[in-house]
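Quick caveat, the model's predicted, so the values are computed rather than measured. In the text below, chain A, chain B and the rest are named by the order of the sequence lines, each starting its count at 1.
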Protein chains: 2
Amino acid sequence: MFDPVCPSGLSPIRVGDKWAGMIIRCLEEGPRRFSELRVPLRGITAKVLTQSLRALQRDGLVIRNSHAAPGHAPAPVYELTALGRSILEPMNAACAWAADHWDDLLDARES
Amino acid sequence: MFDPVCPSGLSPIRVGDKWAGMIIRCLEEGPRRFSELRVPLRGITAKVLTQSLRALQRDGLVIRNSHAAPGHAPAPVYELTALGRSILEPMNAACAWAADHWDDLLDARES
DNA sequence: CTGTATCCTCCAAGATACTG
DNA sequence: CAGTATCTTGGAGGATACAG
């Protein structure tokens, strides 16, 4: 299990629901299709991915484009909106914090 | 209802559990006692405040000091650790983002 | 492939009552 | 004042089956 907000799991900072941060990370490098998202997000079910994506659309962070080419099956792609890209900044700040203080967080838990 | 991460409620960025961000904000200006925290955090029950505080202690963000003076009842105070204060930085980044994009978030929801 | 429809489980969070 | 002890519940999230 990895963390949207960096190394993995311990950071108290979250973005949206359980998967939202990771979805945003997956869309960072460009538009992706439904099944492409399911690969890095191992373990997510179709239902939950749909739910998270709908929530991100509702909040204006992600947009769904239905590229229907004639003679082809419709191939919708999801991509970040400008708003969605803008949230990468605070996410990266959170990520940097988590990386900087990883040892402190680990120490606090085990002691 | 207000938001740990700024204006109020809509921001997809969260810190810890439901109350953690707000608790951290309440401790920003100095140590506070249990009952002092319950005032700004209106509606929180003793049980849930205890739980959140224990989680913050476990993660090393908050420390509980039991100032027992002779002849007085014990008066524990909660305060941020250095680690706890350090998380204010990414929280403020998230806060700034939320403030900057408040209108976008509102527009996305209502349309 | 891209979903929707059901059903189920678990747990965060609240209500309430009680204790040192 | 500063909690602990129970009980309850709404909803997030997962499993599985089915659909266009």
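- Distances from the side chain of A:Asp17 to the nucleotides C:dG14, D:dG13, D:dG14 place D:dG13 closest.
- Checking C:dG3, D:dT4, D:dA2 against every side-chain atom of A:Pro76, the shortest atom distance belongs to C:dG3.
- Atoms OH (A:Tyr78) and P (C:dG3) sit 3 Å apart, rounded to a whole Å.
- Along DNA chain D, the nucleotide closest to B:Ala46 and the one closest to A:Val48 are compared, and the more 5′ of them pairs with B:Ala46.
- The CZ atom of A:Arg14 sits 12 Å away from the C1' atom of C:dA12 (whole-angstrom rounding).
- Of the candidates D:dT4, C:dG3, C:dA5, C:dA5 carries the atom nearest the A:Lys47 side chain, counting heavy atoms from C-beta on.
- The interatomic distance linking B:Leu37 (CG) with D:dG3 (C1') rounds to 13 Å, in whole Å.
- Considering only side-chain N and O atoms, B:Ser35 lies under 4.0 angstrom from the phosphate OP1 or OP2 of D:dA2.
- Formation of a donor-acceptor pair under 3.5 Å by the B:Thr81 side chain with backbone atoms of B:Ile63 is not found in this model.
- Taking each heavy atom of B:Glu36 and B:Pro31 in turn, the nearest pair found is OE1-O, 4.5 Å.
- Here the P atom of nucleotide D:dA2 and the CG atom of B:Leu49 are 10 Å apart, to the nearest Å.
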TODO: Evaluate side chain to side chain donor-acceptor pair (under 3.5 Å) for B:Gln51 paired with B:Arg54, printing each intermediate quantity in order.
DONE: CA-CA 5 Å; B:Gln51 282 178 349; B:Arg54 297 287 175 265; over 6 Å; no
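- OP1 and OP2 of D:dA2 both lie 4.0 Å or more from every side-chain N or O belonging to B:Arg64.
- Using a 4.0 Å heavy-atom distance criterion, B:Arg38 is classed as making no nucleic acid contact.
- Distance CG (B:Asn65) to P (D:dA2): 14 Å, rounded to an integer number of Å.
- Closest approach to the B:Trp19 side chain among C:dG3, C:dG14, D:dG3 is made by C:dG14 (side chain taken as heavy atoms from C-beta onward).
- Rounded to whole angstrom, the span from the CD atom of A:Gln51 across to the C1' atom of D:dG11 amounts to 10 Å.
- Between B:Arg33 and D:dC1 there is no side-chain polar atom (N or O) within less than 4.0 angstrom of OP1 or OP2.
- If you measure from atom CD1 of B:Ile44 to atom P of C:dA13, you get 9 Å, rounded to the nearest angstrom.
- Although no hydrogens or angles enter the test, the distance criterion places a donor-acceptor pair under 3.5 Å between the side chain of A:Arg85 and the main chain of A:Leu80.
- One atom, CD1 of B:Ile23, and another, C1' of C:dA13, lie 13 Å apart when rounded to the nearest Å.
- In the set C:dG3, D:dG3, D:dG14, the nucleotide with an atom closest to the side chain of A:Lys18 is D:dG14.
- The two residues A:Trp97 and A:Ser11 have their closest heavy-atom pair at CZ3-OG, 4.5 Å.
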